[in-house]
Amino acid sequence: MKKKFRHFLNLNELDIKDMNLILSESHKIKKNYKKKKFNEKKILAMIFEKPSTRTRVSFEVGMKQLDGDVVILDHADTQLGRGESLEDTMKVLSKYVDIVVYRGSNEKKLYDLSKLSTVPIINGLTDESHPCQIMADIMTLQENFDSLDELKICWVGDGNNVCNSWIHSCVHFNYDFKISCPPGSFPKKELLKRIGSSNIELYEDPYEAVKDADVIITDTWVSMGMENDPERLKKFKKFQINEKLMEKTNKDTYFLHCLPAHRGCEVTDEVIDGKKSLVWSEAENRLYAHQAILLWCMNLI
Ligand code: CP
Ligand code: NVA
């Protein structure tokens, strides 16, 4: 029997068939934007324990374009901010809404929620992962390359939640994924071991790592929740994506960044505003990818 709904938690847990289904639906939605609608009204609740612009607005607009609606729960102005547990909140929300996006720190909490929820849960970012972002990123690469299989993708900077979700994606795609970080900022060894992809390589020297790269990706050096450690910025200086680094690839290389960007830190204006920057398509594609994820979770594709 077909499952009534599906959670969208992490990319390595998805079937490749589902991954491709969501991606092809994302492209279809983009081509026919505003035409796809729910047969009956659906309501999305979004729980934000951390700030958001893109995730929040693209899910909200996406739901409204599908003829659904949205309720936003900011930590501070709900009972969550006064200590009501997420678990109790979820038990109640499951009775009111059809689907939930959760953005918070603790990945375990996301999984605990998914176990007790009777409606689908979407991972809107945790300290460990950001799968929705990578769906839009992969969609963006598919728009610019005939195939992803032979690509050389290079992550430079902090081995953070976004990098982790790229690592998760390596179970589905054959691209080479090189990761260059300062010592102490590489993704966790257990994750690399668990994913076990022979296409992933680690480099301490970003200038070595980017050779031949078709795509360079970075993200902030200071993720949400890490703001109290100004010392950490010093070790990242060599990892800035600037023209000098881009030239080391010896080819025309695209640039991705999930945003928000810290211009002059992890990326220079020349690169983010340059001809090979895909960041604005990447941000736009969140809208279509999220609509496809919503439909997939509710078993509507
Ligand atoms: N890239 C991303 O998730 O952006 P927001 O934090 O603005 O949602
Ligand atoms: N790594 C960043 C991503 C923001 C979308 C953070 O967690 O703050």
Side-chain angles (χ1 to χ4, degrees), residues 8-11 26 44-63 70 72-76 100-110 122-141 155-169 179-182 184-188 191 216-230 232-233 235-236 239-241 255-263 265-267 272 277-294:
F8 183 83
L9 302 179
N10 269 309
L11 298 183
S26 309
L44 165 72
M46 287 198 271
I47 303 174
F48 286 104
E49 295 181 353
K50 290 182 172 202
S52 169
T53 300
R54 280 145 288 270
T55 307
R56 176 175 171 155
V57 177
S58 56
F59 267 112
E60 180 158 356
V61 171
M63 271 308 277
V70 181
I72 309 265
L73 287 95
D74 276 319
H75 201 247
V100 172
V101 171
Y102 171 72
R103 170 173 285 200
S105 297
N106 190 340
E107 177 123 331
K108 183 176 177 302
K109 216 160 163 183
L110 170 81
I122 296 175
N123 177 356
L125 179 147
T126 71
D127 286 353
E128 306 297 324
S129 56
H130 196 5
C132 290
Q133 178 69 52
I134 279 39
M135 293 306 283
D137 293 5
I138 293 174
M139 178 187 174
T140 309
L141 294 185
W155 178 276
V156 178
D158 188 21
N160 63 12
N161 45 4
V162 179
C163 180
N164 289 345
S165 286
W166 271 107
I167 292 171
H168 289 154
S169 78
I179 303 171
S180 181
C181 308
S185 290
F186 279 98
K188 288 188 186 131
L191 170 66
I216 294 179
I217 318 174
T218 194
D219 184 15
T220 180
W221 297 335
V222 186
S223 283
M224 290 179 274
M226 289 182 166
E227 292 84 356
N228 291 333
D229 183 10
R232 66 180 265 116
L233 288 186
K235 68 175 181 177
F236 282 99
F239 294 80
Q240 183 186 67
I241 314 298
F255 173 70
L256 289 180
H257 188 312
C258 64
L259 303 176
H262 303 78
R263 291 163 177 260
C265 284
E266 73 271 10
V267 63
I272 196 169
S277 169
L278 295 176
V279 300
W280 315 115
S281 309
E282 191 186 353
E284 179 188 347
N285 287 340
R286 302 286 304 276
L287 182 54
Y288 318 116
H290 293 173
Q291 287 189 317
I293 292 167
L294 288 163

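Both backbone and side-chain heavy atoms feed into the values below; hydrogens, waters and symmetry mates do not. Indexing begins at 1, ligand by ligand and atom by atom, following the structure's order.
Although no hydrogens or angles enter the test, the distance criterion places a donor-acceptor pair under 3.5 Å between the side chain of T218 and the main chain of V156.
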Table of N or O contacts for ligand 2, cutoff 3.5 Å:
from, atom 1, to, atom 2, distance (Å)
ligand 2, 1 (N), N160, ND2, 3.2
ligand 2, 1 (N), N161, OD1, 2.8
ligand 2, 1 (N), D219, OD2, 2.6
ligand 2, 1 (N), S223, OG, 2.7
ligand 2, 7 (O), N161, ND2, 2.8
ligand 2, 8 (O), M224, N, 2.8

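Between the side chains of S129 and N123, at least one donor-acceptor pair of N or O atoms lies under 3.5 Å.
Looking at heavy atoms from C-beta onward, W155 lies out of side-chain contact with P187 at the 4.5 angstrom threshold. Between I134 and H168, the closest side-chain pair of non-hydrogen atoms is not below 4.5 Å. Residues E284 and T140 have side chains not in contact (no heavy-atom distance under 4.5 Å, counting atoms from C-beta outward). At a threshold of 4.5 Å between non-hydrogen side-chain atoms, the residues K188 and I167 do not count as touching. In this structure, the side chains of L259 and T53 stay at 4.5 Å or more apart for every pair of heavy atoms. At least one side-chain heavy atom of W221 sits less than 4.5 Å from a side-chain heavy atom of Q240.
For the pair R103 and S52, the tightest heavy-atom approach, listed with the atom from each and the gap, is NH1-CB, 3.3 Å.
A distance limit of 4.0 angstrom between heavy atoms and ligand 1 selects the residues S52, T53, R54, T55, R103, H130, Q133, C258, L259, R286.
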